[in-house]
Amino acid sequence: MEMIDTHAHLDGEEFNEDLSEVVERALKAGVNKVCLPAINFSSVTTIEAVCRRYPDFAYPMIGLHPEEVKEDWEEVLTMMRGKLLENLTNTTDRTFKYIAVGEVGLDFYWSKTYRQEQLSAFEEQVKWSVETRLPLSIHCRKAQNEMVHILKRYAKELPGGVFHCFTGNEKEAAELLNFERFVLGIGGVLTFKKSHLPEVLPQIPIERIVLETDSPYMAPVPMRGKRNESAYVRYILQKMAECYDISEEEVARITTANALRIFNI
């Protein structure tokens with residue numbers, strides 16, 4: 001049974017001491033591919049290091065996380081765009097290729113100080129997706145209306161992507177799934193005691209779902225409160241199988257196919 005963790009920050013300092021063991025546990029659990037999103041310009045370097053260390057297991061994305069958008073966002077995006085285009089046109093090194101534009105999006109949960117900058121940065125990176133035909137990995141918190149408003153401008157042109165860490169209701173899911181080439185990323189919140197996702201999930205076609213951990217954050221039950229890691233995706237899969245009333249093997253097969261389709265890996 002093979003699984004794909006479509007969103008994990010394995011380049012983070014939380015894994016500095018035991019990354020090889022983390023990867024080994026993931027592979028032993030059946031997780032044979034992990035997608036690593038950038039969050040800022042410095043993480044581009046750390047992600048590249050992990051992906052070069054574990055080729056055919058770790059796959060890189062490039063993007064500016066909304067919480068990292070500050071006054072210098074235009075300068076940062078210029079540097080990131082340069083890296084992206086250089087990577088896509090490099091014909092001598094095929095071992096390291098970006099698979100998505102991410103982690104990008106909008107986050108007005110903690111602060112709206114850089115609200116306009118976030119909106120502008122997000123739209124710019126949406127344009128990258130259209131231009132490069134790479135999917136988007138989208139983070140959205142307390143900003144779905146604004147996000148949808150921007151995406152609608154490019155809906156016919158976008159190649160697809162993942163609405164990362166979906167925790168919304170049926171109405172919110174339906175609005176997002178109107179973007180036909182997109183799927184919802186489901187992580188550890190599904191297993192939380194007070195989560196309403198177990199009731200929402202059966203209303204969503206499983207062909208529009210991918211698995212993710214968002215490691216090292218939001219570890220699923222029974223690991224809640226501990227550092228999350230890609231091996232724990234199996235707990236999310238187990239709960240998902242229960243929600244859809246199908247076998248774990250079927251969930252793994254379908255969600256893996258979904259991830260391979262979206263990210264073209």
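By convention here, the first residue in the shown sequence is residue 1. In this text, all values refer to a predicted model and were calculated from it rather than measured experimentally.
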With a 4.5 Å limit on heavy-atom distance, are the side chains of [X] and [Y] in contact?
| X | Y | result |
| --- | --- | --- |
| Leu177 | Leu184 | yes |
| Val104 | His139 | no |
| Leu197 | Phe166 | yes |
| Leu64 | Phe122 | no |
| Thr6 | Leu211 | no |
| Tyr244 | Glu250 | no |
| Tyr98 | Leu84 | yes |
| Asp11 | Glu48 | no |

Is atom [atom1] of [X] surrounded by more than 12 heavy atoms (other residues, nucleotides or ligands) closer than 6.0 Å?
| X | atom1 | value |
| --- | --- | --- |
| Asp245 | CG | no |
| Phe96 | CZ | yes |
| His149 | NE2 | no |
| Glu13 | CD | no |

Run the salt-bridge test on [X] and [Y] with the 4.0 Å N-O cut-off and return the result as yes or no.
| X | Y | result |
| --- | --- | --- |
| Asp18 | Arg227 | yes |
| Lys171 | Glu175 | no |
| Lys83 | Glu86 | no |

Has the side chain of [X] got a donor or acceptor atom that lies under 3.5 Å from a matching backbone atom of [Y]?
| X | Y | answer |
| --- | --- | --- |
| Ser137 | Gly102 | no |
| Thr78 | Glu74 | yes |
| Glu242 | Gln238 | no |
| Arg81 | Val76 | no |

How many angstroms lie between atom [atom1] of [X] and atom [atom2] of [Y], to the nearest 0.5 angstrom?
| X | Y | atom1 | atom2 | result |
| --- | --- | --- | --- | --- |
| Leu119 | Tyr114 | CG | OH | 15.0 Å |
| Phe41 | Met80 | CZ | CE | 7.0 Å |
| Ile206 | Arg253 | CD1 | CZ | 9.0 Å |
| Leu134 | Asn87 | CG | CG | 9.0 Å |
| Tyr109 | Cys140 | OH | SG | 14.0 Å |
| Asn228 | Lys226 | CG | NZ | 11.5 Å |

Kindly list each side-chain donor-acceptor pair under 3.5 angstrom involving residues 19-34, sequence neighbours excluded, with atom names and distances?
| residue | atom | partner | partner atom | Å |
| --- | --- | --- | --- | --- |
| Arg25 | NE | Glu229 | OE2 | 2.8 |
| Arg25 | NH2 | Glu229 | OE1 | 3.1 |
| Asn32 | ND2 | Glu2 | OE1 | 3.2 |

#### Entry: Same apolar cluster (I L V M F W Y, side chains within < 4.5 Å links), Tyr232/Ile209
no
To check you understand the geometry: which heavy-atom pair defines the closest contact between [X] and [Y], and what is its length?
| X | Y | result |
| --- | --- | --- |
| Glu212 | Val233 | N-CG2, 4.3 Å |
| Ile265 | Leu260 | O-CD2, 3.0 Å |
| Ala8 | Pro37 | O-CD, 3.3 Å |

### Side-chain donor-acceptor contact under 3.5 Å, Asn40 with His65
no
### Query
Does Arg208 count as lying over the ring of Phe182, i.e. NZ or CZ under 6.0 Å from the six-ring centre, within 45 degrees of the axis?
no
### Query
Given Ile99 and Cys35, is the side-chain contact (heavy atoms from CB on, under 4.5 Å) satisfied, shown in steps?
CA-CA 8 Å; Ile99 61 165; Cys35 305; 3.7 Å; yes
### Query
With under 30° as parallel and over 60° as perpendicular, where do the rings of His7 and His164 fit, or are they tilted in between?
parallel
### salt bridge (charged side-chain N to carboxylate O under 4.0 Å, His left out) contacts touching residues 141-163 (sequence neighbours left out)
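Non-adjacent pairs meeting salt bridge (charged side-chain N to carboxylate O under 4.0 Å, His left out): Glu67-Arg141, Asp107-Arg141, Arg115-Glu146, Glu123-Arg153.
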